[in-house]
Amino acid sequence: MLEFAEVQQPNRKTLFVEVILPLAISLNYTYRIPFDMNGAVAVGKRVVVQFGKSKLYTAVIAAVGEHAPEKYEAKYIIEVLDDAPVVTQKQLAFWQWVAEYYMCNAGEVMNAALPSALKLASETKIMLNREHEYDKTQLNDKEYLITEALDIQPELTISDIVKLLGQKTVMPILRLLFEKNIIILSEEVSERYKPRRKTYITLNPVYLNPDNRRELFEILEKRAPKQADSLLAYMKLSRQQKNVAKNELIEESGAGEASIKSLIEKEVFFAEQKVISRLGYEDDAEESSVFELSPAQQHALAEVREHFEKKEVVLLHGVTASGKTQLYIRLIEEMIATGRQVLYLLPEIALTTHIIERLRIYFGGTIGVYHSRFNDNERVEVWQKVLRSEYKVVLGARSSVFLPFHDLGLIIVDEEHETSYKQYDPAPRYNARDAAIYLANMHNAKVLLGSATPSFETYYNARSSKYGLVELTERYGGVQLPAIEVVSISKELKQKTMQSHFSSVLMADMALALENKEQVILFQNRRGYAPVLMCRVCAHTPKCINCDVSLTYHKHTTKLHCHYCGYKEDTPAVCPACGSTHLEYKGFGTEKVEDELSVLMPDVRLARMDLDTTRSRNSLQTILNNLEEKKIDILIGTQMVAKGLDFADVTVIGIINADSLLKYPDYRANERSYQMLSQVSGRAGRRGKQGKVVIQTYDPSHRVIKQVIENDYLDLYLTEMEERKSFHYPPFYRIISIDVKHMNPEILYNQAEYLATELRKHFGDRVIGPEPPLVNRIRNFYIKTIMLKFEKDGVSINKAKALIRDTITQFQTTKLSKGCIIQPDVDPY
DNA sequence: AGCACGCCGACT
DNA sequence: GTCGGCGTGCTC
């Protein structure tokens, strides 16, 4: 395959392109170029191609060449969508790396990378053939139903028909109708991204002359007073602002659209359509960075710079509220001064207006924001601005590693330990932090990882000098670390001082905070009301019909919910197994905490922040605004409250039950618990006042809790590393886990065992399992997990992956493996 | 991911 | 017998 540059001249050569389709298929496909499009093709442009019998897809050109494929006749491409490539060569190379490293297909990476408005698949549209008369009495019931529906609604999709007929196989019926010329089937892809346009009004320069204008005004005032009003309104607006939009003018004049139209016809006004951005904030930076770095920050900044001389990656290990963001701002300023781009990664949940506003103050219109709460059109606009280098800085969540940067100089990964950097479903199962390090390498850029509680992988790399390490141990502005008090739940239960789930200590601290007009955050790592409903007579618990989990009772819907597949059912009044009415709620979630607290403290303004209350587009922001404006006294939340919340008046943090964290059956449980507890604690008393953290637990002497109290990350790290080493876990070993799924548990058992045996032929006792995961059935698929552990420096991980891939491919050719889904997960979380 | 083709159970 | 579900293979 040749590069585009070598075949650029329009000519009569027959060209072929290799394209990436946005599908989970392993190959790229080759299409032929019609002669008249020879000049238009280039690597990185999107094309429309037919794939399969009828579907049209947007594909991306990965290579251009002259050799016809030998084994088949290539189809022609249908259309070239772009004037200039929307995907850069560097990005294509990056996609390739992600696909190989995370053992998935290029198409899956493409799906994660491109905003969906840039990758359209066609949908089959069913319409009546108006040219053709037909006899309704000749149709059978189903055909009649379809034509009737099309009389009411001129266009239907396949899934509409499926619903209409209540059956899955509809194509034979549709094909018959098509053959009888009664319906038309059409496949269309239309560009979904539409730039937003706005009409602006300018004054004919003739009337910039005051005499001419006065003359015009006098005429208008007599003959068309409304038009005179419009002219006056224009004069007023144009003094206040650079551009006058038509709709603003209509509003200002109160004269209606007609008068403006007349003035345009008289050539007093000129109308001009301009493409405007949906993103807002075109202003320049309001002020340069006026803040002063503390001596500790200055020292850390100097150290970061020094490490960057020799190291590609630096870890900034800074305690919560040590002012890491200010360091980032300085580094970003320096980098964009050299003309290079900066990517600033944050976990989705931390991308609040708070941090966005703060950075906009310094970087104005040169900073772009990219996250999942943006709609498609907005995402395309960010994509294009990055492509055209209009954005120098991008602040974004995990998927922003896929933006079309030209020249990255620096990537900042804040809260680098966050598990949300890892995507799990759908593939690619990539970790944005690790992918960012590779991306930086491609651009010759530096990476700064920031965290108060670094992941052990990162800390290990830093301590072994692979990464630079900078420690920032002082809280900015001399804010003290919070006082942590551990409360034994069992002791308070014995003393009968617990009020439902709240210890006397927590109740007292909350009361004190509220008295001082301060705020409280309560952390409970479980949503819903009660995770288990159990019959007291026969111990029956309602389970999900699709998954192997008990259903959680949600009070606001009064239904039982499955947190894995979304299934809901009515809460039974009597036990479905034995008919007893003695049903008991076991365990508790955020809803119940809220409920109980509203009884104990009836006058306090409560709010809840969990997946259920933040699902819609603006709800998270609303909760945060209310907290900021002190419309909330106590916020109850899941993990979410641990991340990136920064409010001055929150002085008390309550961890309702630390045991659910500590008892989690995973080798990382201690690391996770420490991170979670210390991140949540960090939310207390950030400005001016020492905060208080109350940790409620049945196990107050737990080692991790001690380490959290003493703020001794290093001690945690060193003790845990001993275990990691002896039990062959990261960072000493790399893990690749393989999920095997099947609807039938017996087949799954046999096939997973067989695959493991095949893998053992290559990797011996590096293969562990298959073992059932914590939840061994999700959405009706039974699951087994095979784990492979590779010593860090022993084997070539690339060779191992190639072997695994071959083994899986081999496995999938066997008859018995049919119906098995195989999902590799590289560096799983 | 679709869609076609072919096998097989259930219902006229 | 036939209709429709479901498994399986292929798509440049």
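Every value quoted in this text rests on a predicted model; they were computed, and no experiment measured them. As a basis for the values below, the full set of heavy atoms in this structure was taken, side chains included, without hydrogen atoms, waters or symmetry mates.
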* For A:Y370, all residues meeting ring-ring contact (aromatic ring centres under 6.0 Å, His included), sequence neighbours excluded -> none
* **Heavy-atom donor-acceptor pair, A:R46 side chain to A:V80 backbone, under 3.5 Å** => no
Which side-chain N or O atoms in residues 772-783 of chain A pair as donor and acceptor under 3.5 Å with protein atoms at least two apart or in another chain?
| from | atom 1 | to | atom 2 | distance (Å) |
| --- | --- | --- | --- | --- |
| A:N776 | ND2 | A:D548 | OD2 | 3.3 |
| A:R777 | NH1 | A:I545 | O | 3.2 |
| A:R777 | NH1 | A:N780 | OD1 | 3.2 |
| A:R777 | NH2 | A:C547 | O | 3.3 |
| A:R779 | NH2 | A:Y564 | O | 3.3 |
| A:N780 | ND2 | A:N546 | OD1 | 3.1 |

* Asked: Can you tell me how far P of B:dG9 sits from NZ of A:K168, to the nearest Å?
  -> 18 Å
* Results of side-chain hydrogen bond (donor to acceptor under 3.5 Å, both in side chains) for A:K818 - residues two or more places apart only -> none
Review item, nucleotides 10-12 of chain B N/O atoms under 3.5 Å of protein N/O:
none

* To the nearest angstrom, how far is A:L165 atom CG from C:dG5 atom C1'? -> 15 Å
* Structure fact -> Rounded to whole Å, the NZ-P distance (A:K55 to B:dG2) equals 6 Å
* Asked: Within this structure, what is the CG-to-P distance between A:D141 and C:dC3, rounded to whole angstrom?
  -> 13 Å
* Structure fact -> Rounded to whole Å, CD of A:E108 lies from P of B:dA1 at a distance of 8 Å
* Strand contacts (DNA chain B) in residues 169-177 of chain A, 4.0 angstrom heavy-atom criterion -> A:M171, A:R175
* **Nearest to side-chain heavy atoms of A:S54, which nucleotide of B:dC3, C:dC6, B:dA1** => B:dC3
* Structure fact -> side-chain contact (heavy atoms from CB on, under 4.5 Å) filter on A:L387, not counting sequence neighbours, yields A:T88, A:P404, A:H406
* Asked: For every nucleotide of nucleotides 7-12 of chain C, 5' to 3': is a protein heavy atom under 4.0 Å from its base (B), only from its sugar-phosphate (S), or from neither (-)?
  -> -SS-BB
* To do: Mind jotting down which residue pairs meet the ring-ring contact (aromatic ring centres under 6.0 Å, His included) criterion with at least one end in residues 99-152 of chain A? Sequence neighbours excluded, please.
  => A:W97-A:Y101
* Taking side-chain hydrogen bond (donor to acceptor under 3.5 Å, both in side chains) as the test, write out the residues that go with A:E143, two or more places apart. => A:K180
* To do: Not counting sequence neighbours, list each pair that qualifies as a side-chain hydrogen bond (donor to acceptor under 3.5 Å, both in side chains) and has a residue in residues 738-750 of chain A.
  => A:Y424-A:D739, A:D739-A:T785, A:K741-A:Q823
* Partner residues of A:E108 under the side-chain contact (heavy atoms from CB on, under 4.5 Å) criterion, sequence neighbours left out -> A:A24, A:C104, A:N105, A:A427, A:P428
* **Residue list, side-chain hydrogen bond (donor to acceptor under 3.5 Å, both in side chains) with A:H563, at least two apart or on another chain** => A:H554
* **Sole candidate of A:F402, A:Y421, A:Y829 that passes ring pair (Phe, Tyr, Trp, His ring centres under 6.0 Å) when paired with A:Y430** => A:F402
* Among the candidates C:dG4, B:dC3, B:dG2, find the nucleotide nearest to the side-chain atoms of A:E187. => B:dC3
